[in-house]
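Presented below is the structure to which this report refers.
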There are 2 protein chains.
Amino acid sequence: MANTHVKEMQALKEHLGKHQLKLTRQRELILSAFLRQEHITAEAMYHQLAKSDPHLGLATIYRTLNLFCDAGLAQARHFGSQTKYDNVSHKGHHDHLICTGCEKIVEFENEEIERLQEEVATRNGFTIKTHRLELYGLCSRCRH
Amino acid sequence: MANTHVKEMQALKEHLGKHQLKLTRQRELILSAFLRQEHITAEAMYHQLAKSDPHLGLATIYRTLNLFCDAGLAQARHFGSQTKYDNVSHKGHHDHLICTGCEKIVEFENEEIERLQEEVATRNGFTIKTHRLELYGLCSRCRH
DNA sequence: TATCATTTTGAGACAGTTTATCAATTTCAA
DNA sequence: TTGAAATTGATAAACTGTCTCAAAATGATA
Ligand SMILES: [Mn+2]
Ligand SMILES: [Mn+2]
Ligand SMILES: [Zn+2]
Ligand SMILES: [Zn+2]
């Protein structure tokens, strides 16, 4: 655990430094736990961390995950009715395939789709800032 | 107003008939107002209708819009953090371009994107049931 | 048209999720 | 080491949407 997530920790420190924010025990702890997941809800992280740190407040989890979003390490994604924080520290933009049977989430990137999105936007006079593409269905296992 | 939205009214009646549901003054009123919009929140519809019918309850709005969804007249869409009911009575599947400046929503369809989505799904062993594609950005007016 | 079982409504309670408040604690620059 | 500023945890509050239930409306039937 000593030399894992060094890069992300560095990125966080950089963000903190730029915004007069402080590095706390909680922020370190939450970052470390967050980086072990791909997609997680604040509530799930709260329960997960409660085992080792029963006094960590839910509000702190929310505040910290939102801080990670500001720092570019995380991204809040609204899947169905849940808000999951997506670990984007080590990867670029991507979209999602979501199994409605088992909740499995597969990430994908498709240059061609992205290009066509730009085309659609341009045709309508828009400049895209962000987008969201989610495909909901059944994975091979759940189909049977 | 006498002969507008006759088809949609008919579709609603058909759904009601099939499910032992009743046609009420409120359902007629809400349908008529709903069909005048493209995308609207339950809350917005509530305030809009309150002017002419101050006793119409918010729960009734929600119940009725959800009924329209069941009847295939409406579709609930989660844009950002808002849930808007999309009037789909007279159109098929489509996706959205959303201006983050003025909230303008432009609908579009793109065969090619849809095809590529299927391709991505197949490649990952998924069978798509639904999908959501939203492009957020600035419209030409808001860019300046 | 009157009857009346069934459905619907409106008001507000309630639930789930996220943010705001604030006194106490922690951090870190000087 | 000190102390101003930031952060935390507990909990209140905000917000969105659903549930409850007594009263009212609907519509099939006589
Ligand atoms: Mn992801
Ligand atoms: Mn639409
Ligand atoms: Zn599955
Ligand atoms: Zn605009």
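Proteins get letters first, then strands, A, B, ... in listed order; numbering begins at 1 in each.
A heavy atom lying under 4.0 Å from DNA chain C marks the following residues of residues 9-23 of chain A, by number: A:K22, A:L23.
Two residues, B:R63 and B:Q82, neighbour DNA chain D, and the one matched to the more 5' nucleotide by heavy-atom proximity is B:Q82. With the nearest nucleotide of DNA chain C identified for both B:R25 and A:H78, B:R25 has the one nearer the 5' end.
Bounding nucleotides for the chain A contact on DNA chain C, 5' to 3', at a heavy-atom distance below 4.0 Å, are C:dT17 to C:dC28.
Between the side chains of B:T127 and A:R143, at least one donor-acceptor pair of N or O atoms lies under 3.5 Å. Residues A:H90 and A:E8 bring no donor and acceptor atom of their side chains to less than 3.5 Å of each other.
Aromatic pair A:F68/A:Y85: ring centres not closer than 6.0 Å.
Between B:K18 and B:H15 the shortest side-chain heavy-atom distance does not fall below 4.5 Å. Side-chain contact between B:D95 and B:E107 is absent, with no heavy atoms from C-beta onward closer than 4.5 Å. Side-chain contact between B:E134 and B:I98 is present, with at least one heavy-atom pair separated by less than 4.5 Å. Within the 4.5 Å cutoff, no side-chain heavy atoms of A:H5 are placed close to those of A:L31. By the 4.5 Å heavy-atom criterion applied to side chains, B:K84 and B:I40 are not counted as neighbours.
With rounding to whole Å, B:I61 atom CD1 is found 15 Å from D:dT16 atom C1'. Rounded to an integer number of Å, the gap from OH of B:Y62 to C1' of D:dT20 is 18 Å. In this structure, B:M45 atom CE and D:dT16 atom P are separated by 17 Å, rounded to whole Å. Rounding to whole angstrom units, CG of residue A:D70 and P of D:dT7 are separated by 12 Å. Across the protein-nucleic acid pair, B:R77 atom CZ and D:dT16 atom C1' stand 20 Å apart, rounded to whole Å. Look at NZ on B:K84: it is 17 Å from C1' on D:dG17, rounded to the nearest Å.
Across all strands, A:R27 comes closer than 4.0 Å only to sugar-phosphate atoms, never to a base (heavy-atom distances). Within 4.0 Å of B:T83, counting heavy atoms only, lie sugar-phosphate atoms of the nucleic acid but no base atom. A:N66 comes within 4.0 angstrom of the backbone, heavy atoms only, and of no base. Heavy atoms of A:Q26 sit under 4.0 angstrom from primed sugar atoms or phosphate atoms, though from no base atom.
Grouping Ile, Leu, Val, Met, Phe, Trp and Tyr residues whose side-chain heavy atoms lie under 4.5 Å apart, directly or via other members, places B:L133 in a hydrophobic cluster with A:L97, A:V106, A:F108, A:I113, A:L116, A:V120, A:F126, A:I128, A:L133, A:L135, B:L97, B:V106, B:F108, B:I113, B:L116, B:V120, B:F126, B:I128, B:L135.
At D:dT8, one or more side-chain N or O atoms of A:T24 fall inside 4.0 Å of OP1 or OP2 (strictly under the cut-off).
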